[in-house]
Amino acid sequence: MQHIALEVESMDELLAAKDKLEAAGIDVLGPTDHTIFKSIYFFDPNGHRIELAANTAKPGMHTELKRVAEDMLEEWSRTKKAPRHAAWMHGDAEFEPNTQGEAQ
(Lines give C-alpha, C1' and ligand atoms only; values in the text may rest on other atoms or scores of the structure.)
Protein backbone atom coordinates (compact mmCIF):
# COMPACT_ATOMS: atom_id res chain seq x y z
CA MET A 1 0.00 0.00 0.00
CA GLN A 2 1.45 3.36 -0.96
CA HIS A 3 1.02 6.14 1.55
CA ILE A 4 2.80 8.95 3.32
CA ALA A 5 3.70 8.50 6.98
CA LEU A 6 4.24 11.31 9.46
CA GLU A 7 5.50 10.97 13.02
CA VAL A 8 3.67 12.61 15.92
CA GLU A 9 5.26 13.32 19.30
CA SER A 10 3.28 10.93 21.50
CA MET A 11 0.45 8.45 21.80
CA ASP A 12 -1.65 11.24 23.34
CA GLU A 13 -1.13 13.31 20.19
CA LEU A 14 -1.95 10.32 17.99
CA LEU A 15 -5.19 9.62 19.85
CA ALA A 16 -6.14 13.31 19.81
CA ALA A 17 -5.63 13.36 16.03
CA LYS A 18 -7.82 10.27 15.68
CA ASP A 19 -10.57 11.89 17.75
CA LYS A 20 -10.39 15.10 15.71
CA LEU A 21 -10.49 13.22 12.39
CA GLU A 22 -13.43 11.07 13.46
CA ALA A 23 -15.28 14.14 14.78
CA ALA A 24 -14.91 15.57 11.26
CA GLY A 25 -16.53 12.46 9.81
CA ILE A 26 -13.31 10.87 8.52
CA ASP A 27 -12.94 7.08 8.78
CA VAL A 28 -9.80 6.15 10.72
CA LEU A 29 -8.16 2.74 11.00
CA GLY A 30 -6.19 2.07 14.16
CA PRO A 31 -4.25 2.55 16.22
CA THR A 32 -2.39 -0.37 14.72
CA ASP A 33 0.47 -1.81 16.78
CA HIS A 34 3.69 -2.19 14.76
CA THR A 35 5.83 -3.09 17.82
CA ILE A 36 8.16 -0.08 17.54
CA PHE A 37 5.37 2.38 16.79
CA LYS A 38 1.58 2.62 16.72
CA SER A 39 -0.21 4.33 13.90
CA ILE A 40 -3.54 5.41 12.48
CA TYR A 41 -4.50 5.49 8.80
CA PHE A 42 -6.99 7.62 6.92
CA PHE A 43 -7.54 9.13 3.48
CA ASP A 44 -7.08 12.84 2.78
CA PRO A 45 -9.69 14.69 0.65
CA ASN A 46 -7.74 13.80 -2.52
CA GLY A 47 -7.81 10.08 -1.74
CA HIS A 48 -4.20 9.77 -0.55
CA ARG A 49 -3.62 7.33 2.30
CA ILE A 50 -2.03 9.10 5.30
CA GLU A 51 -0.40 7.43 8.30
CA LEU A 52 0.28 9.17 11.59
CA ALA A 53 2.68 7.24 13.83
CA ALA A 54 3.89 7.51 17.43
CA ASN A 55 7.13 5.87 18.57
CA THR A 56 6.47 3.14 21.16
CA ALA A 57 9.79 1.27 20.95
CA LYS A 58 11.29 -0.19 24.08
CA PRO A 59 14.89 0.76 24.89
CA GLY A 60 17.30 -0.97 22.52
CA MET A 61 14.79 -1.85 19.78
CA HIS A 62 15.95 0.75 17.25
CA THR A 63 19.60 -0.10 17.96
CA GLU A 64 18.90 -3.79 17.40
CA LEU A 65 17.09 -3.13 14.11
CA LYS A 66 19.99 -1.01 12.90
CA ARG A 67 22.42 -3.79 13.87
CA VAL A 68 20.60 -6.43 11.81
CA ALA A 69 19.37 -4.20 8.95
CA GLU A 70 21.79 -5.42 6.27
CA ASP A 71 21.20 -9.08 7.14
CA MET A 72 17.44 -8.51 7.09
CA LEU A 73 17.59 -6.90 3.64
CA GLU A 74 19.73 -9.73 2.29
CA GLU A 75 17.31 -12.34 3.65
CA TRP A 76 14.27 -10.48 2.30
CA SER A 77 15.92 -10.18 -1.15
CA ARG A 78 16.56 -13.91 -1.17
CA THR A 79 13.34 -15.29 0.37
CA LYS A 80 10.71 -12.52 0.04
CA LYS A 81 9.58 -13.48 3.57
CA ALA A 82 9.71 -11.56 6.85
CA PRO A 83 13.32 -11.85 8.05
CA ARG A 84 13.92 -13.93 11.16
CA HIS A 85 16.50 -11.45 12.46
CA ALA A 86 13.76 -9.40 14.13
CA ALA A 87 11.08 -12.02 14.75
CA TRP A 88 10.07 -9.96 17.80
CA MET A 89 8.74 -7.32 15.41
CA HIS A 90 6.12 -9.79 14.18
CA GLY A 91 5.14 -11.26 17.55
CA ASP A 92 7.10 -14.46 16.89
CA ALA A 93 9.53 -13.91 19.78
CA GLU A 94 10.17 -11.67 22.76
CA PHE A 95 12.51 -8.72 22.28
CA GLU A 96 15.88 -9.28 23.92
CA PRO A 97 18.41 -6.45 23.67
CA ASN A 98 21.81 -7.37 22.23
CA THR A 99 24.07 -7.87 25.25
CA GLN A 100 26.92 -9.73 23.56
CA GLY A 101 29.18 -6.69 23.35
CA GLU A 102 28.83 -6.30 19.59
CA ALA A 103 29.43 -2.86 18.15
CA GLN A 104 26.17 -0.97 17.92
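Just so you know, residue 1 is the first one in the sequence shown, and it goes up from there.
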Non-neighbouring partners of E75 that pass side-chain contact (heavy atoms from CB on, under 4.5 Å), sequence neighbours left out: R78, T79, P83, R84, H85

Nearest heavy-atom contact between E64 and F95 is CB-CE1, 3.9 Å

Walk me through whether F43 and L29 qualify under side-chain contact (heavy atoms from CB on, under 4.5 Å). CA-CA 10 Å; F43 290 97; L29 175 67; over 6 Å; no

A quick test of your reading: do over 12 heavy atoms of other residues, nucleotides or ligands sit less than 6.0 Å from NZ of K81? no

Mind checking side-chain hydrogen bond (donor to acceptor under 3.5 Å, both in side chains) for D27 and listing every partner two or more places apart, or none if nothing turns up? none

Could you work out the complete set of other residues in the hydrophobic cluster of V28, with links drawn between I, L, V, M, F, W and Y side chains under 4.5 Å apart? I4, L6, V8, M11, L14, L15, L21, I26, I40, F42, I50, L52

Closest non-hydrogen contact found for E7 with N55 is OE2-CB, 3.9 Å

Measure the spacing between CE of M61 and OG1 of T35 and express it to the nearest 0.5 Å. 6.5 Å

Considering residues at least two apart in sequence or located in another chain, which fulfil the side-chain contact (heavy atoms from CB on, under 4.5 Å) criterion with H34? T32, F37, S39, Y41, E51

